[in-house]
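Structure, as structure tokens:
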2 protein chains.
Amino acid sequence: MATKERESSSWEVPRLTPGARAALDAAGRLFYERGITAVAVESVAEAAGVTKKTVYDRFKSKSALVCAYLSERDSRYRGWVESWIAEHPETPPVLAVFDALDAWMTARGPKGCAFVHAHAQLLDTPEHPAHRVINGQKQWLHDTFRDLAHDAGVRSADALAAELLCLHEGACVMHSTTDITDAVTRARRAAHVLLQDALATGGRSAPGRK
Amino acid sequence: MATKERESSSWEVPRLTPGARAALDAAGRLFYERGITAVAVESVAEAAGVTKKTVYDRFKSKSALVCAYLSERDSRYRGWVESWIAEHPETPPVLAVFDALDAWMTARGPKGCAFVHAHAQLLDTPEHPAHRVINGQKQWLHDTFRDLAHDAGVRSADALAAELLCLHEGACVMHSTTDITDAVTRARRAAHVLLQDALATGGRSAPGRK
DNA sequence: TTACTACTATACTCATCGGTATGGCAACTA
DNA sequence: TAGTTGCCATACCGATGAGTATAGTAGTAA
């Protein structure tokens, strides 16, 4: 359940050869730090220590490479959040998501959300397959918040999920566009208040499953 | 106070000639809809009904045009929010900001925040002067929230401001990356809860200034 | 009349970049 | 031994785009 099989699309990469792995790693760094459209495939190849030909032999196109990059990042973040929740059973899961985000930001650079950035960088090509990956990431986050809220006993879990997602996304954005460094901490505190409010006013529904 | 004089920078445009006005209008549409890096100066000129030469005669460079675009949008949004607050004295100002955002989104297309998008699109050039405009816009929003919260009697106005900014930014992001259409409404409700909580637990400080 | 301003029109330079072509080499496998 | 796979190296094509150059026109102000 943690690693749900994603439908195989045109850009899907079955198994990664060493060259493909190196290219995808380099793409992960460069696309995130400098932006997708600003980084040439040539640069990715150079940083990976392979030739441009190899990149195109492993990935059909730059679009496919971009999708692989975002898809892998998506998987990583999902795994990160899910294992954080599992490893911190004493923390209310809804809040643990924010702790996971905080730790993720600390571990890697606080440069903002790769998916939000990708969306902006690919604004001119709405048909770009990466948009499906981007939407999928946000949808997963929303559904996760909704399920966790529901399990916590919140009746209007769907509404709360949207509010929590606001906080999550907003905290990421603030890390990239403001000097505020404790945005995630603030978002977590706000989430705590919203959760308490939802439990107090909306009332508890069923006891949390499992 | 509504239209505070901004310091004149290298990209500042004193008075706009008809050609410059047309170019800036076209840039405003195209940069926002398709993205800054994806739109050529040539395209802006064509859409404006002027020649590329005219654009470069009025604006030193594409960077200057981008700054003028963002700066003008910044001014417009500030004015929009400030007059919305003034025209709705019955609404708590902190919440009126979200109403203003909602109305702004409804009036124009809900395509997300131009500044967040610009930041992502200009990731590779940290020295780009537009980053100052972007940071300025977010700083203004934060300071506005802080002042309004303080006026409402919130003691920890600075902390609340960061949380409200999270909600504001998050709601914008959700409009561009998810199918959730009532993000601003949800953010407003969350802001209401946070405000009540801040007033109840943090306690009121001084009575709101005039 | 002169000079400046705002503009049109077109052509050009230079750089970047997505993607392809060609050709070759080493390892593994049928 | 033959074929396939994964890779290297290099060159190339076509498109796009920032910015410049040149030359000319209409209005306006000294």
Side-chain angles (χ1 to χ4, degrees), chain A residues 10-27 29-31 33-70 118 121-130, chain B residues 10-27 29-31 33-70 118 121-130:
Chain A
S10 58
W11 47 266
E12 197 78 22
V13 186
R15 290 161 300 146
L16 292 182
T17 63
R21 182 69 265 162
L24 193 47
D25 287 344
R29 271 179 285 117
L30 295 178
F31 285 162
E33 282 168 18
R34 301 187 203 164
I36 291 169
T37 51
V39 171
V41 175
E42 181 81 62
S43 307
V44 172
E46 193 180 9
V50 301
T51 59
K52 188 161 72 157
K53 182 72 163 44
T54 297
V55 176
Y56 276 101
D57 280 347
R58 299 298 129 232
F59 304 89
K60 303 184 201 203
S61 60
K62 185 177 181 179
S63 295
L65 180 60
V66 168
C67 284
Y69 148 62
L70 289 174
Q121 288 153 5
L122 303 175
L123 248 194
D124 60 321
T125 48
E127 76 284 2
H128 196 296
Chain B
S10 59
W11 46 264
E12 196 81 20
V13 185
R15 292 161 301 147
L16 293 181
T17 64
R21 183 69 265 164
L24 193 48
D25 287 343
R29 271 179 285 117
L30 295 178
F31 285 162
E33 283 169 17
R34 302 188 203 163
I36 291 169
T37 50
V39 171
V41 175
E42 181 82 60
S43 307
V44 172
E46 195 179 9
V50 300
T51 60
K52 187 160 72 156
K53 182 72 164 43
T54 296
V55 176
Y56 277 101
D57 280 347
R58 298 298 128 233
F59 305 89
K60 305 184 197 197
S61 61
K62 185 177 181 181
S63 295
L65 180 60
V66 169
C67 285
Y69 148 60
L70 289 173
Q121 287 153 4
L122 304 174
L123 250 193
D124 61 319
T125 49
E127 76 283 2
H128 196 296

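These values consider heavy atoms only, across backbone and side chains, with no hydrogens, waters or symmetry-generated copies. Within every chain, numbering begins at 1; the chains are lettered A, B, ... in the order of the sequence lines, protein sequences first and strands thereafter. Bear in mind the structure is a predicted one, so any value in this text is a computation, not a measurement.
In this structure, the side chain to side chain contact (heavy atoms under 4.5 Å, CB included) partners of B:A22, at least two apart in sequence or on a different chain, are B:A48. A search for side chain to side chain contact (heavy atoms under 4.5 Å, CB included) contacts involving B:A130 returns B:V66, B:C67, B:L70, B:L122, B:H128, not counting sequence neighbours. When the side-chain hydrogen bond (donor to acceptor under 3.5 Å, both in side chains) test is applied to B:D25, the partners found at least two apart in sequence or on another chain are B:R21. Under the side-chain hydrogen bond (donor to acceptor under 3.5 Å, both in side chains) criterion, B:D57 pairs with B:K53, sequence neighbours left out.
Considering CZ of B:R34 and OG1 of A:T125, their distance stands at 12.5 Å, rounded to 0.5 Å.
As rounded to whole Å, 12 Å separates atom P of D:dA18 from atom CD1 of B:I36. Here D:dA15 presents its P atom at 19 Å from CG of A:D124, a figure rounded to the nearest Å. In this structure, the CZ atom of B:R58 is 17 Å from the P atom of D:dG19, given to the nearest Å. Here the C1' atom of nucleotide D:dA18 and the NE2 atom of B:H128 are 12 Å apart, to the nearest Å. In this structure, B:E42 places its CD atom 12 Å from P of D:dT16, rounding to the nearest Å. Here the P atom of nucleotide D:dT16 and the CD atom of B:E46 are 13 Å apart, to the nearest Å.
Heavy-atom distances to DNA chain C give each of A:V39 and B:T54 a nearest nucleotide, and the one nearer the 5′ end belongs to B:T54.
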Evaluate the side chain to side chain contact (heavy atoms under 4.5 Å, CB included) criterion for residues B:F31 and B:L65: first the C-alpha distance (whole Å), next the side-chain angles of each, then the deciding distance (0.1 Å), finally the verdict.
CA-CA 10 Å; B:F31 285 162; B:L65 180 60; 4.1 Å; yes

Test side chain to side chain contact (heavy atoms under 4.5 Å, CB included) on A:V50 and A:R58 and set out the steps.
CA-CA 11 Å; A:V50 301; A:R58 299 298 129 232; over 6 Å; no

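The nucleotide range of DNA chain C contacted by chain B, defined by atoms under 4.0 angstrom from heavy atoms of the protein and reported 5' to 3', is C:dA6 to C:dA9.
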Scan nucleotides 20-30 of chain D nucleotide by nucleotide, 5' to 3', and note B when protein non-hydrogen atoms come under 4.0 Å of the base, S if they reach only the sugar-phosphate, - if neither.
BBB--------

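Annotation: side chain to side chain donor-acceptor pair (under 3.5 Å) contacts involving residues 38-52 of chain B, sequence neighbours excluded, comprise B:T51-B:T54.
Across all their heavy atoms, B:L123 and A:Q121 have their closest contact at CD1-NE2, 3.9 Å.
Using a 4.0 Å heavy-atom distance criterion, B:T51 is classed as a base contact.
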